[in-house]
Amino acid sequence: MIATPAWPPRSLPRLFVRAPLAEGATVTLDAAQANYFGNVLRLAEGGEVLLFDGASGEWLARIAEAARKRMTLTIERQTRLPETLPDLTLAFAPVKRTQTDWLVQKATELGVVHLQPVMTRRTVAERVKLERLESIAVEAAEQCGRTLLPAIADPQPLDAFLKELRRPLYFADETGGAPVSEALNPGPAAILVGPEGGFTSEERDTVRAHRHAVVISLGPRILRAETAALAAVTAYMALVGDWR
Ligand code: SAM
């Protein structure tokens, strides 16, 4: 028997819109979105798409009007409630732009809820462009099926981050720590990963001394900062997150 494909198919185009969504509502896309749907995906009036607003879940919408630079959609019905994500913060020392973009894209796909750029002594990154990182997170959420966007905070100095910390901190330290299989516990948490040049010994001592710090090892090899971030988030999601 031919399996009835799920309706609507997850393959319908998905778009994040900054307008509150509800049944019967009309949404007008901006020129770039209208161009993407109309001229790139060649969608026409009557076509179906999935929309999400980062708060109310996912909605099936139908193209009501399609002009070259303008498109309006009518919301037909809710297809998914907002997902519940493990309450995970990824605190990372920004690296070079392409690597930071990559890190934000992957962290979004993996389900990270908060992204916190942390400035350390050896952080060599240029200015962190939040708008750019937000648009990368939006695109990753559109692609991976998220209905909630990660919150990306303004960069913060390491000591300020540690001062405000109110949850377990899994400190990825290449000089040694507990295996993730033994150290990670379910529940709200933060993961801290250093810059390409690593933490200074004073910074390392300060983090290790923090009352919420749990020092973790990501294996015997020195990973690039963005790889370490991905590995730590993956371990968290697999062992105590929503992959179980
Ligand atoms: N300072 C180091 C060096 O040059 O020898 C390398 C720093 S590493 C490129 C960047 C960050 O990734 C580190 O600060 C740490 O947070 C994390 N990291 C890399 N490899 C790791 C490992 N095997 N275990 C735990 N954390 C690791």
Side-chain angles (χ1 to χ4, degrees), residues 86-129 133 136-137 140 150 152-241 243:
D87 185 355
L88 181 64
T89 295
L90 174 60
F92 64 99
V95 280
K96 293 198 190 74
R97 193 170 80 171
T98 37
Q99 279 93 331
T100 301
D101 293 354
W102 186 88
L103 185 156
V104 168
Q105 182 193 64
K106 301 305 164 201
T108 303
E109 287 177 53
L110 289 168
V112 169
V113 170
H114 311 273
L115 283 158
Q116 175 63 67
V118 171
M119 308 313 272
T120 69
R121 210 77 48 75
R122 292 186 184 142
T123 301
V124 285
E126 315 113 35
R127 196 170 61 77
V128 174
K129 297 197 179 94
L133 298 184
I136 288 165
I152 308 179
D154 287 323
Q156 201 179 24
L158 178 63
D159 52 0
F161 167 71
L162 293 173
K163 211 158 163 214
E164 288 172 19
L165 191 67
R166 297 281 179 279
R167 55 178 56 205
L169 175 68
Y170 297 115
F171 171 39
D173 186 347
E174 74 280 7
T175 66
V180 285
S181 53
E182 290 164 20
L184 300 181
N185 288 307
I191 288 170
L192 176 62
V193 172
E196 225 33 73
F199 292 99
T200 64
S201 52
E202 299 82 27
E203 288 173 331
R204 177 172 290 115
D205 295 347
T206 308
V207 181
R208 278 175 169 259
H210 194 282
R211 65 196 174 89
H212 290 307
V214 178
V215 187
I216 58 169
S217 167
L218 298 171
R221 288 165 293 282
I222 305 267
L223 309 176
R224 286 173 171 276
E226 66 275 15
T227 316
L230 192 70
V233 171
T234 302
Y236 179 92
M237 288 299 174
L239 295 169
V240 294
W243 295 5

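Indexing begins at 1, ligand by ligand and atom by atom, following the structure's order. For this chain, numbers begin at 1 and follow the sequence in order. All heavy atoms count here, side chains included; hydrogens, waters and symmetry mates do not. Predicted, not measured: the structure shown is a model, and the values here were computed from it.
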Participant: Is it true that, when you exclude Arg224 itself, more than 12 heavy atoms of the residues, nucleotides or ligands shown sit nearer than 6.0 Å to its CZ?
Facilitator: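 No - once you tally the heavy atoms of other residues, nucleotides and ligands closer than 6.0 Å, there are 12 at most.
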Participant: Would you kindly say whether Gln99 and Glu196 are connected by a side-chain donor-acceptor distance under 3.5 Å?
Facilitator: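 There is no such pair between these side chains.
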Participant: Which heavy atom of Val215 sits nearest a heavy atom of Gly176, and at what distance?
Facilitator: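 Closest pair (atom of Val215, atom of Gly176, distance): CG1-O, 3.3 Å.
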Participant: For ligand 1, list the protein residues that place a heavy atom within a distance below 4.0 Å of one of its atoms, sorted by chain and number.
Facilitator: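 If the criterion is a heavy atom under 4.0 Å, then ligand 1 touches Ala172, Asp173, Glu174, Val193, Gly194, Pro195, Glu196, Gly197, Gly198, Phe199, Ile216, Ser217, Leu218, Gly219, Arg221, Ile222, Leu223, Ala225, Ala228.
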Participant: Is Glu226 salt-bridged to Lys96, cutoff N-O under 4.0 Å?
Facilitator: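 Salt bridge: no.
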Participant: So, does Arg121 use its side chain to make a donor-acceptor pair with the main chain of Thr200 at under 3.5 Å?
Facilitator: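 Not confirmed, Arg121 side chain does not pair with Thr200 backbone.
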Participant: Find the distance between CE (Met237) and CG (Leu110) and round it off to the nearest 0.5 Å.
Facilitator: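 The CE atom of Met237 sits 7.0 Å away from the CG atom of Leu110.
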